[in-house]
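Atoms within a ligand are numbered from 1 in the order they appear, just like the ligands themselves.
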Amino acid sequence: MIQKFTRRTMLALTVAAIATPVYAADKVKLRMSTPASETDQRSVALAEIFAPAVAEFATYEPHYNGSLIKQGSELESIASGDLEMSITSAQELAQFFPEYSIFATGYVHQDAAHQVAVFNDPLMDEFKQKAEDELGVKLLAVMYLGQRHVNLRQSKDELTVMKPEDLAGVNLRMPGTDAWQFLGKALGANPTPMAFTEVYTALQTGSVDGQDNPLPTVVDAKFYEVTNQIALTSHLVDLNYVAFSKAIWDELSEEQQATVKAAAEAAAESGRQKQLEKEQNLVDFLKEQGLEIYEPDLKAFREHVQGEYAGSELAKSWPDGLLDKINALGN
Ligand code: KDO
């Protein structure tokens, strides 16, 4: 009996020893790097929905908090074959292709559904093609980050932000690319470039006055611990794209490609719904943490921001008539 068991176990181990390495070696490794945390809804959606959906032929290996690649270098890393996936932004793509700045412009996207309509519209085809051909990056799906608001250390008594003029001289941390810095200036603030992973400490020590991000990010990154107010400017309905290596894509069968695309779309949809739900529910939580949350003069902000973009260098890079097409896809 013992001998039989041992023989069978030996056989199983031998089969496993032969089979496992071959199987593992056949799988594509998908390293994904993001400055976002593991608990960010986009990270959660990719880990819980994307990863299992592609598990038969790919191993998903996420790296959070910019631990593998620093924020802003992910696209270059995909292009050079050092990374397979990231959660990228239109602002980062605009570093390579300035026309992408249209998707990073204040008060252009109206809501999450508008982002999806724009991403799936034929107007995106040439943008996607360019990223593929010239950067080796395939954009698989659009993810919803949320409505960005101005979040400051100052109490509302010290500084009430009703109009862009009220942000004059305010050191507002914005991510470090031209499109982001332009948005900070367009809001009326004094933008300071800084990586996401450094923002908490900068707010804590006062090296910046504030930052802008959607409410779920303010909670996830615990910025509420080191700030006192949020002016609900809703200046950017912010998105990210699931970026995928074109070189790896080309190695996959058609069936696997379809699975990857569907998995990214399913993850994006799940993350979007969770993020929307969080946006609805977090105001009370943030108020309980002692933050003052209020709506400024949105018309004044919208007009000021749109006025800054009109005729700007960024706007000159936008294809003719594109803004109208984007607007027509909204409500
Ligand atoms: C940020 O740096 O403020 C930002 O919100 C920019 C986004 O494009 C995105 O990269 C995000 O950070 C990170 O994923 C962290 O949430």
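- With contacts defined as side-chain heavy-atom distances shorter than 4.5 Å, the pair Asp209/Gln154 qualifies.
- Ring pair Phe223/Phe196 is perpendicular by interplanar angle, where above 60° counts as perpendicular and below 30° as parallel.
- Looking at Tyr144, Phe127, Phe119 one by one, the single match for ring pair (Phe, Tyr, Trp, His ring centres under 6.0 Å) with Tyr241 turns out to be Phe119.
- Salt bridge Glu313/Lys316: present, at least one basic N to carboxylate O contact under 4.0 Å.
- Inspection of the Asp157 and Ser155 side chains reveals no N or O donor paired with an N or O acceptor under 3.5 Å.
- A distance-only check finds no donor-acceptor pair linking the side chain of Gln211 to the backbone of Val199 [under 3.5 Å].
- In this structure, ligand 1 sits under 4.0 Å from heavy atoms belonging to Thr34, Pro35, Ala36, Asp40, Arg42, Gln71, Ser89, Leu145, Arg148, Arg173, Pro175, Trp180, Phe196, Asn213, Asn240.
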